[in-house]
Engineer: 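The following block contains the structure, expressed as structure tokens.
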Amino acid sequence: MILRVARRRMPAGYTMVAIVIFIAILTILIAAVGPSIGTIMRREREEELLFRGKQYARAIALFQRRYGRYPMALKELYVNRPRTVRHLWKDPMCNCDNWKLLIQGQPDSTPFLNQNVDPSNRPPSTYLHLFPTPTPVGFVAGPGEEKNVGPIVGVRSRVHQEALREWRGRRFYDEWRFIV
């Protein structure tokens, strides 16, 4: 005698319906969590921008104390021995090496003296006396590097995007200046 085992077959289509429901629930969860993950990542990049900008400002100040002059390129901070910076950082907002260099004597290279007064609205003659005349030193920029017209006293990001938070009274990344 051959025993046949009766198999119960599920009606076709239930598995497919279960998969579609699972994918719909997963999509809703991703849509709910996605923006908050994006905000967390952007906040992390802002913190990294602050850290790297402050590191550059400290390195420029240390370079000035060691060598008696400001660097003509960021590369000088790393190339000259002893080094004043561990490595050359990228701008975390665009993940590029394209920092805006703040040149001594330029209007955007002055520190924020009064948070209520916008220094960019002042005529240049009101604060040029704050900086000594630079000693010209020849530093040849490599291929792809921006040539400077003077010594570097700080850096800032080139990304013009509103930040999640305010730093020193400024709301945009390209307004966050890191100056000696």
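Values in this document were obtained by computation on a predicted structure and should not be read as measured data.
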Engineer: Using the test side chain to side chain contact (heavy atoms under 4.5 Å, CB included), find all partners of Q64 that sit at least two apart in sequence or belong to another chain.
Structural biologist: Y70
Engineer: So R52 and E48, salt bridge (charged side-chain N to carboxylate O under 4.0 Å, His left out) or not? Walk me through it.
Structural biologist: CA-CA 6 Å; R52 291 177 184 184; E48 192 64 23; 2.8 Å; yes
Engineer: Measure the spacing between CG of L49 and CE of M93 and express it to the nearest 0.5 Å.
Structural biologist: 6.5 Å
Engineer: Could you check whether any side-chain N or O of W99 sits under 3.5 Å from a backbone N or O of W89, counting only pairs where one atom can act as donor and the other as acceptor?
Structural biologist: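 Looks like yes, one N/O pair under 3.5 Å.
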Engineer: Is there side-chain contact between L88 and Y56, with heavy atoms separated by less than 4.5 Å?
Structural biologist: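 Yes. Closest side-chain heavy atoms under 4.5 Å.
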Engineer: Can you list everything that forms a side chain to side chain donor-acceptor pair (under 3.5 Å) with Y173? Sequence neighbours excluded, please.
Structural biologist: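 Scan of Y173 (side chain to side chain donor-acceptor pair (under 3.5 Å), adjacent residues dropped) gives R42, E46.
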Engineer: Hey, what do you get for OG (S36) to CZ (R43), rounding to the nearest 0.5 Å?
Structural biologist: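 Going from the OG atom of S36 to the CZ atom of R43 covers 10.0 Å.
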Engineer: How far does CG of L77 sit from OH of Y67, to the nearest 0.5 angstrom?
Structural biologist: 9.5 Å
Engineer: Who are the side chain to side chain donor-acceptor pair (under 3.5 Å) partners of Q161, not counting sequence neighbours?
Structural biologist: none
Engineer: With hydrophobic residues grouped by side-chain heavy-atom distances under 4.5 Å, do M41 and V159 end up in a single group?
Structural biologist: no
Engineer: Mind telling me whether F172 and H160 have parallel, tilted or perpendicular rings, with 30° and 60° as the class edges?
Structural biologist: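 Plane angle under 30°, so parallel.
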Engineer: To the nearest 0.5 Å, tell me how far I60 CD1 sits from L74 CG.
Structural biologist: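 Going from the CD1 atom of I60 to the CG atom of L74 covers 6.0 Å.
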Engineer: Rounded to the nearest 0.5 Å, what's the gap from CD on E162 to CD on E166? Could you check?
Structural biologist: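 Separation between the atoms: 9.5 Å.
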Engineer: Test: disulfide bond (SG atoms under 2.5 Å apart). Region: residues 29-84. Which pairs qualify, not counting sequence neighbours?
Structural biologist: none
Engineer: Does the W176 side chain pair with the main chain of S157, one donor and one acceptor, at a distance under 3.5 Å?
Structural biologist: no
Engineer: Sequence neighbours excluded, which residues qualify as side chain to side chain donor-acceptor pair (under 3.5 Å) partners of R165?
Structural biologist: E47
Engineer: Can a donor-acceptor pair be found, under 3.5 Å and without considering hydrogens, that links the side chain of S109 to the backbone of L102?
Structural biologist: no
Engineer: Please tell me whether I21 and L29 are part of a single hydrophobic cluster in this structure, the criterion being side-chain heavy atoms less than 4.5 Å apart.
Structural biologist: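 Hydrophobic grouping puts I21 with L29.
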Engineer: Would you call F63 and V85 a side-chain contact if the rule is heavy atoms closer than 4.5 Å?
Structural biologist: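 Sidechains of V85 and F63: no contact.
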Engineer: For a quick test of reading the model, state the closest non-hydrogen atom pair linking A32 to P35 and the distance between them.
Structural biologist: O-CD, 3.9 Å
Engineer: Mind jotting down which residue pairs meet the salt bridge (Lys or Arg N to Asp or Glu O under 4.0 Å) criterion with at least one end in residues 79-98? Sequence neighbours excluded, please.
Structural biologist: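 Checked against salt bridge (Lys or Arg N to Asp or Glu O under 4.0 Å) - neighbours excluded - no pair reaches residues 79-98.
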Engineer: Kindly indicate, with the supporting measurements, whether the criterion side chain to side chain contact (heavy atoms under 4.5 Å, CB included) is fulfilled by R156 and D174.
Structural biologist: CA-CA 6 Å; R156 67 177 169 89; D174 62 344; 3.6 Å; yes
Engineer: As a test of understanding, state which of I152, V153, D108 forms a side chain to side chain contact (heavy atoms under 4.5 Å, CB included) with I103.
Structural biologist: I152
Engineer: Test side chain to side chain contact (heavy atoms under 4.5 Å, CB included) on T27 and I30 and set out the steps.
Structural biologist: CA-CA 5 Å; T27 304; I30 290 172; 5.9 Å; no
